[in-house]
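Below, chain A is the first sequence line, B the second, and so on; all start at residue 1. Bear in mind the structure is a predicted one, so any value in this text is a computation, not a measurement.
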2 protein chains.
Amino acid sequence: MNGSHWLLEREQPRRRLDAHTVVSQAHILVHEGGAASLTMRPLAAALGTSTSALYRLVPSKQWLLVAIVDLVFGEVETSTAADVGDPRGRLEQLSTAMHDVLVLHPHLHEILASHVWVTPNTIRIAEIAFTSLREMGLDDPELLDAYNAWSGYVIGFSAIEAKPAENAPDRALQRAMRRQLEEMDPGAFPILTELMPDVADRAFGLPSRPRRSGESGSSFAWGLAALLDGVAARKRRRSRA
Amino acid sequence: MNGSHWLLEREQPRRRLDAHTVVSQAHILVHEGGAASLTMRPLAAALGTSTSALYRLVPSKQWLLVAIVDLVFGEVETSTAADVGDPRGRLEQLSTAMHDVLVLHPHLHEILASHVWVTPNTIRIAEIAFTSLREMGLDDPELLDAYNAWSGYVIGFSAIEAKPAENAPDRALQRAMRRQLEEMDPGAFPILTELMPDVADRAFGLPSRPRRSGESGSSFAWGLAALLDGVAARKRRRSRA
DNA sequence: ACCTGAACACCGTTCAAGT
DNA sequence: ACCTGAACACCGTTCAAGT
């Protein structure tokens with residue numbers, strides 16, 4: 001059909017590499033081993049090409065990292081949120097969708113913290129959030145405040161929650177931290193002592209046993225509801241004045 | 001006095017390097033050039049020693065990064081918070097002190113996102129936060145939820161706010177992001193278009209001009225008040241039931 | 001036009017060898 | 001006992017040279 005020998009029919013069709021394929025493979029490396037394990041030589045090897053060939057498809061490693069952020073935020077399900085008429089419900093739907101994706105990609109936070117990531121998919125999400133907040137009654141000076149509070153909470157909460165997944169580096173260091181909590185002076189730290197070992201597991205990212213998959217123990221929704229309650233009340237207070 | 005020649009009197013007293021000095025210098029390098037600029041060879045050079053000599057004082061670069069986190073959190077002023085009788089006021093005081101420090105050390109977030117950081121100073125701060133939240137009426141299952149919401153907000157908000165400071169890497173990439181916002185379709189993104197250029201500057205970390213020092217334009221306090229309002233209301237609701 | 005190997009200027013960490 | 005240089009196994013990126 002395409003001129004290749006019948007013996008080669010089932011082989012990969014030798015199509016040229018494109019930028020999207022490089023980004024996908026880079027994402028896989030980050031997903032499997034963290035941001036530090038994304039390096040150009042193994043990336044090229046995984047794609048069956050030479051390191052220098054990558055630089056005709058992709059300008060730099062920095063570019064690649066931002067492209068991965070866009071790829072992951074592209075997985076955030078926004079169509080169900082769009083159907084919700086109530087703006088508060090829409091924003092909660094969006095937040096949950098973001099949290100779901102960020103929990104599935106815990107290593108993304110390493111990139112988020114060290115790069116500016118204004119990309120098509122993050123812009124798309126921001127527009128939905130701003131629309132919802134305005135419909136909730138927030139306006140000019142407070143609208144930006146509310147957006148910053150919302151995004152800080154969603155990203156920050158997910159980042160702290162995602163940390164346990166990255167338990168690979170330096171076991172000795174983690175053991176030292178855990179011992180610090182276990183040998184804490186109960187007189188100086190009464191509440192922490194009382195809440196151990198729960199607090200190590202669910203707040204400090206030092207689980208004593210590996211998380212079972214699906215078991216997040218997350219209080220994301222609780223805090224989100226609290227924040228949005230407060231935002232709505234704060235706006236009402238102002239419009240009443 | 002100490003046997004050294006008078007010509008050497010004003011020179012550094014040749015005291016042996018200790019771990020604390022290494023951590024301090026490492027912190028300076030991170031502060032000045034970001035986490036990526038902390039490398040062992042220049043660190044050794046700045047301390048006037050050999051790279052390999054550092055490894056007798058400090059176990060690894062990872063250890064050094066966690067030590068820097070502890071050093072910075074050690075700067076968080078907690079004594080004024082301790083004086084506040086009202087638990088809500090005490091938590092607000094603590095949060096503000098944390099925000100102040102984190103804004104002064106924007107590069108710390110690169111470390112926070114990729115490491116577990118349970119250290120003496122972060123434990124000290126957590127104990128104060130837990131005490132305040134319990135005195136605000138939160139208890140067993142909700143206490144941890146509330147702590148996670150609070151810490152996610154404080155760290156996450158500060159992280160997003162700190163990003164503009166790291167504008168060093170890849171000007172071309174940042175220009176591409178800014179162009180994306182400037183050439184946005186107003187039909188598809190009405191609110192973002194309306195809020196430009198303010199939204200690029202104050203929400204997305206793409207300031208059109210460098211920040212004047214002291215000018216944070218931060219809505220940290222606004223969002224914190226909203227969150228704590230919501231947390232307090234949520235607890236009241238439960239105890240009434 | 002497309003891809004390569006080799007090179008440049010770096011990394012973190014170790015260790016035999018010096019004093 | 002303390003410190004060093006050199007080495008090991010890596011980095012991101014460039015570029016002359018090949019097909």
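The distance between atom OH of Tyr55(A) and atom C1' of dC8(C), rounded to the nearest whole Å, is 13 Å. Put simply, CG on Leu54(A) is 10 Å from P on dG12(D), counting in whole angstrom units. When rounded to the nearest whole Å, the span between CG of Leu57(B) and C1' of dT13(C) equals 15 Å. One interatomic measurement links the two molecules: CG of Leu17(A) to C1' of dC2(C), which rounds to 12 Å at whole-angstrom precision. Note: CD (Gln62(B)) to C1' (dT13(C)) measures 13 Å, nearest angstrom. Computed from coordinates, the Leu29(A) CG to dC11(D) P distance equals 11 Å when rounded to whole Å.
For His31(B) and His105(B), the ring centers sit closer than 6.0 Å to each other. When ring centroids are compared, Tyr147(A) and Trp150(A) come within the 6.0 Å threshold. Ring-centre distance between Phe220(B) and Phe157(B): below the 6.0 Å cut-off.
Residues satisfying the side-chain contact (heavy atoms from CB on, under 4.5 Å) criterion with Ser50(B), sequence neighbours excluded, are Ser52(B), Ala53(B). Remark: Ser60(B) engages Asp170(A), Gln62(B), Trp63(B) in a side-chain contact (heavy atoms from CB on, under 4.5 Å) (not counting sequence neighbours).
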List every contact pair, protein side and nucleotides 17-19 of chain D side both N or O, where the distance is under 3.5 Å.
none

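Leu38(A) comes within 4.0 angstrom of the backbone, heavy atoms only, and of no base.
A donor-acceptor distance shorter than 3.5 angstrom exists from the side chain of Ser95(A) to the backbone of Leu91(A), with no hydrogens or angles considered. In this structure a side-chain-to-backbone donor-acceptor pair under 3.5 Å is missing from Ser158(A) to Leu102(A).
Of the inter-residue distances, the one linking Leu192(A) atom CG with Met184(A) atom CE reads 5.0 Å to the nearest 0.5 angstrom.
Where pairing requires Watson-Crick or G-U contacts shorter than 3.5 Å, the helical stems of DNA chain C with at least three consecutive pairs are C:4-8 with D:12-16, C:12-16 with D:4-8.
Of all non-hydrogen atoms in Glu110(B) and Ser114(A), the two that sit nearest each other are CG-CB, 3.8 Å.
Within residues 39-53 of chain A, the residues approached by DNA chain C to less than 4.0 Å at the level of any non-hydrogen atom are Arg41(A), Thr49(A), Ser50(A), Ser52(A), Ala53(A), in residue-number order.
Listed by first and then second residue, the side-chain hydrogen bond (donor to acceptor under 3.5 Å, both in side chains) pairs that reach into residues 191-200 of chain B are Arg134(A)-Glu194(B), Asp198(B)-Arg202(B), sequence neighbours excluded.
Below 30°, between 30° and 60°, or above 60°: for Trp117(B) and Phe73(B) the angle between ring planes is below 30°, a parallel geometry.
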